[in-house]
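Working notes, structure below.
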Amino acid sequence: MQRKTPLDGHPELTVVEHPAWTEYRVDATGRSASATRIPPLGPLWLHLSLVLVLAYCWDTVASSAARIAALALAILAYLYSRLTQVQWESVVILPSLGVQLETHRGFAGLSLLAACKFVPWSSLDDFLINEGIRGWDIRYYLVAINRTPQGPIQLEVAFENILPRFPVLLEVYHGVQEALRHQTGHKHADENESEHGSNT
């Protein structure tokens, strides 16, 4: 397995090449995947100060069951928001199967939840860079055009939470397009073989 950072100015993109698959991973924090998993000190000081404030006010809070319940709900909401942050998103190319779009959520570089969307080669019409307008900003994004057996077209957006910069999208686009051309070439070669076999 080979891990590389192909773009000099964009350490958030890491390409992991394995004989069975290729993963284009974009890290949400902007650091490379091989960087340290220790969280930065800024949020750590915030967490420590919250614990100190809670310890200082504990006698006031603990005097009422309603206050304890409200504090417990606030702590659960805070933990949920911290533990479900997007850590990285990936486009995984499985050469004989298709493309998988992944979103990993967790805390401090650790994945606790993963959401995956798989698009097989047979239903992938195209994989392209599109542009959208958000307010006064034009954002580029990658989209897989997925034709379902029922007929309607679905657009599956890659890196929908992180929305990386254009050079990162272009690198991933070229990788998927190369795999798509390779897959289409195999499909046409198989069709030609079956035609020649039926003619003889």
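Since we're looking at a predicted model, the values are computed, not measured.
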For Thr103, which residues count as a side chain to side chain donor-acceptor pair (under 3.5 Å) partner, sequence neighbours excluded? Glu89
Any side-chain heavy-atom pair of Phe118 and Leu94 under 4.5 Å: yes
Mind checking whether Tyr24 and Val168 have side chains closer than 4.5 Å, heavy atoms only? no
Is it true that Leu142 and Val92 fall in one hydrophobic cluster, defined by side-chain heavy atoms closer than 4.5 Å? no
Thr14 versus Pro11, closest heavy-atom pair with distance: OG1-O, 4.4 Å
May I ask you to check whether over 12 heavy atoms, not counting those of Asp8, lie within 6.0 Å of atom CG? no
Between Val99 and Leu170, is there shared hydrophobic-cluster membership here, with clusters defined by ILVMFWY side-chain heavy atoms closer than 4.5 Å? yes
May I ask you to check whether Glu23 and Ser90 show a side-chain donor-acceptor distance below 3.5 Å? yes
Would you check, one step at a time, whether the test side-chain contact (heavy atoms from CB on, under 4.5 Å) holds for Val86 with Ile162? CA-CA 8 Å; Val86 174; Ile162 296 176; 4.1 Å; yes
Can you tell me how far CG of Leu13 sits from CZ of Arg25, rounded to the nearest 0.5 angstrom? 11.0 Å
Which pair of non-hydrogen atoms, one from Pro167 and one from Leu7, has the smallest distance, and what is that distance? O-CD1, 3.5 Å
In Å and rounded to the nearest 0.5 Å, what is the OG to NE2 distance from Ser96 to His182? 10.0 Å
Kindly compute the distance separating CH2 (Trp121) from CD1 (Ile93), expressed to the nearest 0.5 Å. 6.0 Å
Return the minimal non-hydrogen interatomic distance between Pro95 and Ala20, and the atom names on each side. CD-O, 3.1 Å
Using a 4.5 Å cut-off on heavy atoms from C-beta on, say whether the side chain of Arg105 contacts that of Asn161. yes
Assess the residue pair Leu180 and Asp126 against the criterion (side-chain contact (heavy atoms from CB on, under 4.5 Å)); give the C-alpha distance rounded to whole Å, side-chain angles, the decisive distance to 0.1 Å, and a yes or no. CA-CA 8 Å; Leu180 187 58; Asp126 205 355; 4.1 Å; yes
Is any side-chain heavy atom of Val16 less than 4.5 Å from a side-chain heavy atom of Met1? yes
Within this structure, what is the CH2-CG distance for the pair Trp88 and Asp27, rounded to the nearest 0.5 Å? 8.0 Å
Same cluster or not: Leu163 versus Ile133, using hydrophobic residues (I, L, V, M, F, W, Y) connected whenever any side-chain heavy atoms lie under 4.5 Å apart? no
From Cys116 atom SG to Gln100 atom CD, the distance as rounded to the nearest 0.5 Å: 4.5 Å
Begin with the C-alpha distance, continue with both residues' side-chain angles, and end with the deciding distance and a verdict on side-chain contact (heavy atoms from CB on, under 4.5 Å) for Leu124 and Ile145. CA-CA 6 Å; Leu124 182 66; Ile145 301 175; 5.6 Å; no
May I ask whether Leu97 and Val176 are part of the same hydrophobic cluster, defined by side-chain heavy atoms of I, L, V, M, F, W, Y residues being less than 4.5 angstrom apart, directly or through others? no
Under the ring pair (Phe, Tyr, Trp, His ring centres under 6.0 Å) test, residues paired with Phe166 that sit two or more places apart: Tyr140
Less than 4.0 angstrom from a charged side-chain N to a carboxylate O is my criterion; do Glu17 and Lys4 meet it? yes
Rounded distance [0.5 Å steps], CG in Leu169 versus CD in Glu131: 12.0 Å
Can you list the steps and then say if Thr5 with His10 is a side-chain contact (heavy atoms from CB on, under 4.5 Å)? CA-CA 8 Å; Thr5 307; His10 299 278; over 6 Å; no
For the pair Gln177 (side chain) and Phe127 (backbone), establish whether a donor and an acceptor sit closer than 3.5 Å, ignoring hydrogens and angles. yes
Side-chain (Glu156) to main-chain (Ala144) donor-acceptor, under 3.5 angstrom: no
Just so I know, are the side chains of Lys117 and Gln154 near enough to count as touching, which here means a heavy-atom distance under 4.5 Å? no
Using the rule that Ile, Leu, Val, Met, Phe, Trp and Tyr join whenever any side-chain heavy atoms are under 4.5 Å apart, tell me whether Val143 and Ile153 fall into a single cluster. yes
Are any of the side-chain heavy atoms of Val172 and Phe159 separated by less than 4.5 Å? yes
